[in-house]
Amino acid sequence: MAIAKPLGFEVGDYVVYPKHGVGRVVELQRSEIAGSVLELFVLRFEKERMTLRVPTNKAESVGMRKLSSQATLSEALTTLKGRPRIKRTMWSRRAQEYEAKINSGDLVSIAEVVRDLHRAEDQPEQSYSERQIYEAAIGRLARELAAMENIDEPAAQLKIEQVLKAA
């Protein structure tokens, strides 16, 4: 019995799941749950050593998508070169906004977080929580860049850091 390929995701494709970042479709599965047949994408997130099963009919509503286009990647890299926009609100509120941007799965929003939290060597140290959010954002950006350009994550992160330094 063939399984439909909704949204054009196929086994082997890299996909972005907003809450978890870049994963790979490792199989399409059929499961019978409570008497009804459910088609599932089985996603593997190597870095987190995590497997996620997403019902094919929910993939779109949870925001699962293919890797970004080259145009979106260019926009994200251009965003990194911009001036940081730090709102004058309490850190807890800004932290929530940054987390929301990271979990949106939107590459340009993630790049904004990286840009806003990046510290040059001559700037004051980040707080622990700023550093955590910064690392989550740059990691997410690097994983998608790596998957798109077929390079490893450290090389992608280096490329991002070079863009930030040049800005």
Side-chain angles (χ1 to χ4, degrees), residues 1-77 79-80 92-118 128-161:
M1 192 166 12
I3 296 180
K5 291 188 176 59
L7 305 174
F9 298 122
E10 296 188 35
V11 173
D13 285 356
Y14 282 106
V15 295
V16 176
Y17 189 90
K19 279 244 184 299
H20 303 294
V22 178
R24 194 168 211 163
V25 179
V26 290
E27 73 175 299
L28 291 167
Q29 228 179 40
R30 279 192 161 198
S31 292
E32 193 171 320
I33 298 169
S36 61
V37 175
L38 204 55
E39 290 185 346
L40 304 164
F41 289 113
V42 181
L43 306 180
R44 182 77 186 140
F45 297 87
E46 237 16 90
K47 184 150 179 101
E48 295 80 7
R49 293 191 182 86
M50 177 178 81
T51 301
L52 187 65
R53 286 171 176 71
V54 182
T56 55
N57 61 347
K58 294 273 189 253
E60 202 165 7
S61 65
V62 297
M64 194 169 119
R65 63 171 173 79
K66 289 182 174 277
L67 292 175
S68 295
S69 66
Q70 216 43 57
T72 304
L73 176 61
S74 296
E75 188 183 342
L77 293 175
T79 299
L80 293 175
S92 58
R93 170 129 333 131
R94 278 202 337 259
Q96 282 179 327
E97 287 175 15
Y98 290 146
E99 294 283 353
K101 283 181 173 187
I102 293 169
N103 290 330
S104 73
D106 176 65
L107 207 57
V108 176
S109 296
I110 295 167
E112 287 171 4
V113 176
V114 172
R115 174 199 67 202
D116 292 352
L117 291 178
H118 174 71
Y128 177 76
S129 55
E130 276 180 313
R131 183 98 202 128
Q132 294 294 99
I133 293 173
Y134 174 75
E135 285 176 359
I138 199 169
R140 193 66 71 82
L141 192 58
R143 282 199 286 287
E144 189 159 355
L145 175 65
M148 289 176 73
E149 297 196 347
N150 214 357
I151 55 179
D152 65 3
E153 196 182 326
Q157 189 152 342
L158 192 66
K159 187 172 180 173
I160 292 164
E161 287 166 357

Distance from [X] atom [atom1] to [Y] atom [atom2], nearest 0.5 Å?
X	Y	atom1	atom2	value
Leu80	Glu161	CG	CD	11.0 Å
Arg140	Ser104	CZ	OG	8.5 Å
Ser109	Asn103	OG	CG	11.5 Å
Phe9	Glu60	CZ	CD	8.0 Å
Ile110	Tyr98	CD1	OH	14.5 Å

Just to verify, what does Tyr134 make a ring pair (Phe, Tyr, Trp, His ring centres under 6.0 Å) with, not counting sequence neighbours? none
For [X], what residues pass the salt bridge (charged side-chain N to carboxylate O under 4.0 Å, His left out) criterion, not counting sequence neighbours?
X	result
Glu135	Arg131
Glu149	Lys159
Asp13	Lys66

Looking only at non-hydrogen atoms, find the nearest pair between [X] and [Y] and report the distance.
X	Y	answer
Leu40	Ser31	CD1-OG, 3.6 Å
Arg115	Thr79	CD-O, 3.1 Å
Val113	Ala137	CG1-CB, 3.7 Å

Please enumerate all residues that pass side-chain contact (heavy atoms from CB on, under 4.5 Å) together with Ala156, with sequence neighbours excluded. Ala142, Leu145, Ala146, Ile151
Mind checking side-chain contact (heavy atoms from CB on, under 4.5 Å) for Ala95 and listing every partner two or more places apart, or none if nothing turns up? Trp91, Ile133
Side chain to side chain contact (heavy atoms under 4.5 Å, CB included) with Leu107: of Leu67, Leu73, Val16, only one passes, and it is Leu73
Hey, could you give me each pair passing salt bridge (charged side-chain N to carboxylate O under 4.0 Å, His left out) that has a residue in residues 96-107? Not counting sequence neighbours. Lys87-Glu97, Lys101-Glu112
Would you please name every residue forming a side-chain hydrogen bond (donor to acceptor under 3.5 Å, both in side chains) with Ser69, sequence neighbours left out? Thr72
Name each donor-acceptor pair under 3.5 Å that joins a side chain in residues 43-53 to protein atoms two or more places apart or in another chain, with its distance.
from, atom 1, to, atom 2, distance (Å)
Arg44, NH1, Met50, O, 3.3
Arg44, NH1, Thr51, OG1, 3.0
Glu48, OE2, Arg143, NH2, 3.3
Arg53, NE, Gln29, OE1, 3.2

